[in-house]
Amino acid sequence: MCGIVGVVANGHVNQVLFDSLTVLQHRGQDAAGIMTCQQGRFFLRKSNGLVRDVFRTRHMKRLLGNMGIGHVRYPTAGSSSEAESQPFYVNSPYGIALAHNGNLTNSAQLTQDLFTTDLRHINTNSDSEVLLNVFAHELGKQVHPLSAEDIFDAIRRVHRRCLGGYAAVAMISGYGLVGFRDPHGIRPIVLGKRDHEQGTEYMLASESVALDVADFELVRDIAPGEAIFIDLEGKVHTRQCADHAKGHPCIFEHVYLARPDSIMDGIHVYRARMRMGERLAEKIKRERPNHDIDVVIPIPDTSRTSALELAQHLGVTFREGFIKNRYIGRTFIMPGQQLRKKSVRQKLNAIDLEFKDKNVLLVDDSIVRGTTCKQIIQMARDAGAKKVFFASAAPAVRYPNVYGIDMPAAHELIAHGHTDEEVGELIGADWMIYQELEDLISACREENPSLEGFDCSVFNGEYVTGDIDSHYLARLEAERNDAAKHQEDEDNAVIDLHNDSSAD
Ligand SMILES: O=P(O)(O)OC[C@H]1O[C@H](OP(=O)(O)OP(=O)(O)O)[C@H](O)[C@@H]1O
Ligand SMILES: NC(=O)CC[C@H](N)C(=O)O
Ligand SMILES: [Mg+2]
C-alpha cells in the first residue's frame, strides 16, 4: 500500500506533488520520490526516508515542469534499497516514468518473458520495474505518433499479461499522464480536478485526501480495469481496458490502510469505521449481554473512530487511556519485527488513572502479528487494570496478503492456525472478541451496495485473482519472511543503479 500521485497543471507541479505525498505518508514511510517532466526532459529525486526528509529546497528547485508523478513506498517486493524506490524510468519508447501501488503476483514469470521474448532488462527485484517494462513494451508496439486509443490498447495488453493488484500513474514524455487500475480494482486510485484561469488541472491519487490538501475536487474513482489519459493540453480521455473487469477493492483499506478522511469507491472510510464499531458493539451485546466493562479505550491511532462508536452503542464510557507520541509513525508498516516492537512502546503510553481497578475493553482496528496488542495489554495491566478485554474491529487476520500489503508469511500472523479464543490467550487478554467478516463487509458496503464485492483474502484466504496456490504462498513466505527480507536489505545496501539526473 504505497501512495501514488500524478498531476498535469498549468504551472510547475513540484510543490503540489510534495504536499500530496505528505498527506499520503501513512501509506509508505520507507522511501519517497518525485519525477517531473519539462519539455520532454525528466527530473527525478528519490531516496529512502520520509517525504519531509527526502526533498530539500535544492531538490525542489530542480524538479521542473507542469507534469509530474510522486510515490511514497512501503516495500512489498524486492528490498528496501533506494534503487527500488519509485518512480521508475525507462527511456524507450518515448521516455516513460511510473509509480505503482500494489503487487504483481506473476512478476517472476513476467521477468523471464521480458528477457527472453521482449528482450528487456530488469535490474531490480521490484515488481514495479516489471510493470513499467511490460507497459513500455506494449506501448512500443504502437506506431508513432501515439493516439489516446494506442495508449489504451497498450494498457489492454498490460491487463492481459499482469496479474495481481496494481494502481499506477505513468508519464509519457511528449504525451501526458496515464493512470490505470487492475481489473479487480484491488488498490485504490481517484481522479480530481481544479479550475484554473488557463484551464482545468488534473490529479490522480491513491486517496481523495491528497486532492483535498491541494484544493482539487474529487471527480470519481478510476473504475477497475479502466485507464485515464490526460494529454498535455489537459484533455481527459478514459477507456475501460479490461476484458472482464470485476470490482474487488481491498477491504483492509477501510480497516486500516486509508486515512479516515478519504472517500474510496464511493465509501467514506470514516463512516465505514464508525459502522464497524456499531456492528462490533452489537456482537458484544449478543455474546455478553451482562458484560462488566467499565470503560472502552482505543489503541491510537486508527481504531479511534470505531472504538468511540462501539462505546456509544454499548452505553459504556469512552476514554483516551493511551497517548500517542505524534512523532512516531505507523508501526505495522515499519521494516523488521525488532523495530516494530520497540516502536510500539515509544509510540504509546498509558494514563494510569484510566486503568486503575477497572475492567477495560481495549479496541484496535485489527490484530496482525500481535506486536501491538501484546504490549498494550501488558501496559494496561501494569497501569492497574482489573480485567483486560480486547476487541478487534476486523476479523482475525489468518492468511498472507499478496496484493501490496506486507504480510507474506502465515506463520508471522498471530491468528494463523488459531481459534479466536486461542488468540485471546496468546495475547494475554481476559476475553477476546473479533468482528464477523459479514459484518465488516456490510459495514463497508452499506454506502455503496453496487460494489460487487471486496478482496477479503487476509480474512478468508480467498484470492480474487484466482492464481494463488499453496506453492505460490510457500515461495512468498520463503522469500519475504522477516529474516529473508533483512538479508536482502543487507545485500542491497551498497550497490545501487540509478538513472537519476539530479544527484544529492
Ligand atoms: O498486530 P500488529 O502486527 O501490531 O498490527 C496491527 C496494529 O498495527 C497498526 O497500527 P499502526 O501503529 O501501524 O498505525 P496507527 O497509528 O494508524 O494505528 C494497526 O492499527 C494495529 O494497531
Ligand atoms: N506497497 C506497495 O504498493 C509496494 C509497491 C511495490 N510492490 C514495491 O514493493 O515497491
Ligand atoms: Mg494501530
Side-chain angles (χ1 to χ4, degrees), residues 1-4 24-31 33 46 71-81 83-88 98-105 107 124-132 164-168 186-189 206 250 252-253 255-260 273 298-307 322 324-326 328-335 337 340-341 343-344 346-348 362-377 390 392-394 396-397 401-408 412-415 423 426-427 458 480 482 485:
M1 55 140 226
C2 304
I4 55 172
L24 292 175
Q25 189 77 81
H26 62 285
R27 298 184 69 85
Q29 304 169 161
D30 272 48
K46 61 177 183 175
H71 190 264
V72 282
R73 183 169 190 234
Y74 158 62
T76 57
S79 72
S80 307
S81 152
E84 296 184 23
S85 60
Q86 301 192 34
F88 275 103
L98 178 135
H100 163 226
N101 170 210
N103 226 59
L104 300 187
T105 49
S107 70
T124 69
N125 291 324
S126 165
D127 60 323
S128 309
E129 190 186 5
V130 172
L131 178 64
L132 168 58
Y166 49 95
I186 296 174
R187 301 261 71 93
I189 179 168
S206 295
C250 171
F252 210 65
E253 291 279 351
V255 170
Y256 164 72
L257 303 179
R259 267 184 44 153
R273 287 186 188 157
I299 298 176
D301 220 7
T302 299
S303 72
R304 276 188 161 128
T305 315
S306 45
F322 292 105
K324 176 181 169 303
N325 179 340
R326 68 179 73 217
I328 305 282
R330 298 184 112 179
T331 55
F332 172 71
I333 62 173
M334 287 177 181
Q337 188 58 8
R340 287 191 288 261
K341 218 166 149 183
S343 303
V344 169
Q346 288 177 335
K347 174 170 166 165
L348 298 167
L362 304 182
V363 182
D364 210 345
D365 51 87
S366 56
I367 302 173
V368 182
R369 299 180 183 91
T371 321
T372 309
C373 57
K374 273 190 196 160
Q375 291 188 65
I376 289 292
I377 289 172
F390 204 94
S392 163
V397 172
N401 186 283
V402 299
Y403 302 128
I405 312 173
D406 201 33
M407 306 179 190
E412 290 172 7
L413 308 171
I414 194 161
V423 176
L426 285 169
I427 66 176
V458 296
R480 286 201 62 78
D482 257 354
K485 265 186 305 209

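Both counts, for ligands and for their atoms, begin at 1 and track the order of listing.
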Short question: side chain of R330, backbone of H26 - any donor-acceptor pair under 3.5 Å? yes
Considering only non-hydrogen protein atoms, determine which one is nearest to atom 2 (C) of ligand 2 and report residue, atom name and distance to 0.1 Å. C2 SG, 2.6 Å
Under a 4.0 angstrom heavy-atom cut-off, which atoms of ligand 2 come close to P75? 9 (O)
Does any N or O atom in Y74 lie less than 3.5 angstrom from one in ligand 2, N or O only? yes
From M334 atom CE to R340 atom CZ, the distance as rounded to the nearest 0.5 Å: 10.0 Å
Going by heavy atoms in the side chains, are R273 and T302 under 4.5 Å from each other? yes
Does I4 offer a backbone N or O that forms a donor-acceptor pair with the side chain of R27 under 3.5 Å? no
For ligand 1, give me the residues whose heavy-atom distance to it is below 4.0 Å, by chain and number please. Y256, P300, D301, T302, R330, T331, F332, K347, D364, D365, S366, I367, V368, R369, G370, T371, T372
Compute the shortest N/O to N/O distance between R73 and ligand 2 and return yes if it is under 3.5 Å, no if not. yes
Give the atoms of ligand 2, by number and element, whose distance to some non-hydrogen atom of N103 is under 4.0 Å. 7 (N)
Nitrogen or oxygen of S126 less than 3.5 angstrom from that of ligand 2: no
Of the options V458, N101, L104, I186, which is the one that meets Y403 in a side-chain contact (heavy atoms from CB on, under 4.5 Å)? I186
Please state whether R27 comes within less than 4.0 angstrom of ligand 2, counting heavy atoms only. no
Please check: side-chain N/O of R480 versus main-chain N/O of G78, any donor-acceptor pairing under 3.5 Å? yes
Does some side-chain heavy atom of L413 sit less than 4.5 Å from a side-chain heavy atom of V368? yes
What class does the angle between the rings of F332 and Y74 fall in, given that below 30° is parallel, 30 to 60° is tilted and above 60° is perpendicular? tilted
Ligand-side contact atoms (ligand 2) for residue partner G404, heavy atom cut-off under 4.0 Å: 1 (N)
Can you list the atoms of ligand 2 that are under 4.0 Å from a heavy atom of H100? 5 (C)
I'd like to know if the side chain of E412 reaches the main chain of D482, judged simply by a donor and an acceptor atom lying under 3.5 Å from each other, with no hydrogens or angles considered. yes
Euclidean distance, I414 CD1 relative to I427 CD1, rounded to 0.5 Å: 6.5 Å
Between Q86 (side chain only) and H71 (backbone N and O only), is there a donor and an acceptor less than 3.5 Å apart? no
For A77 and ligand 2, does the shortest N/O to N/O distance drop below 3.5 Å? yes
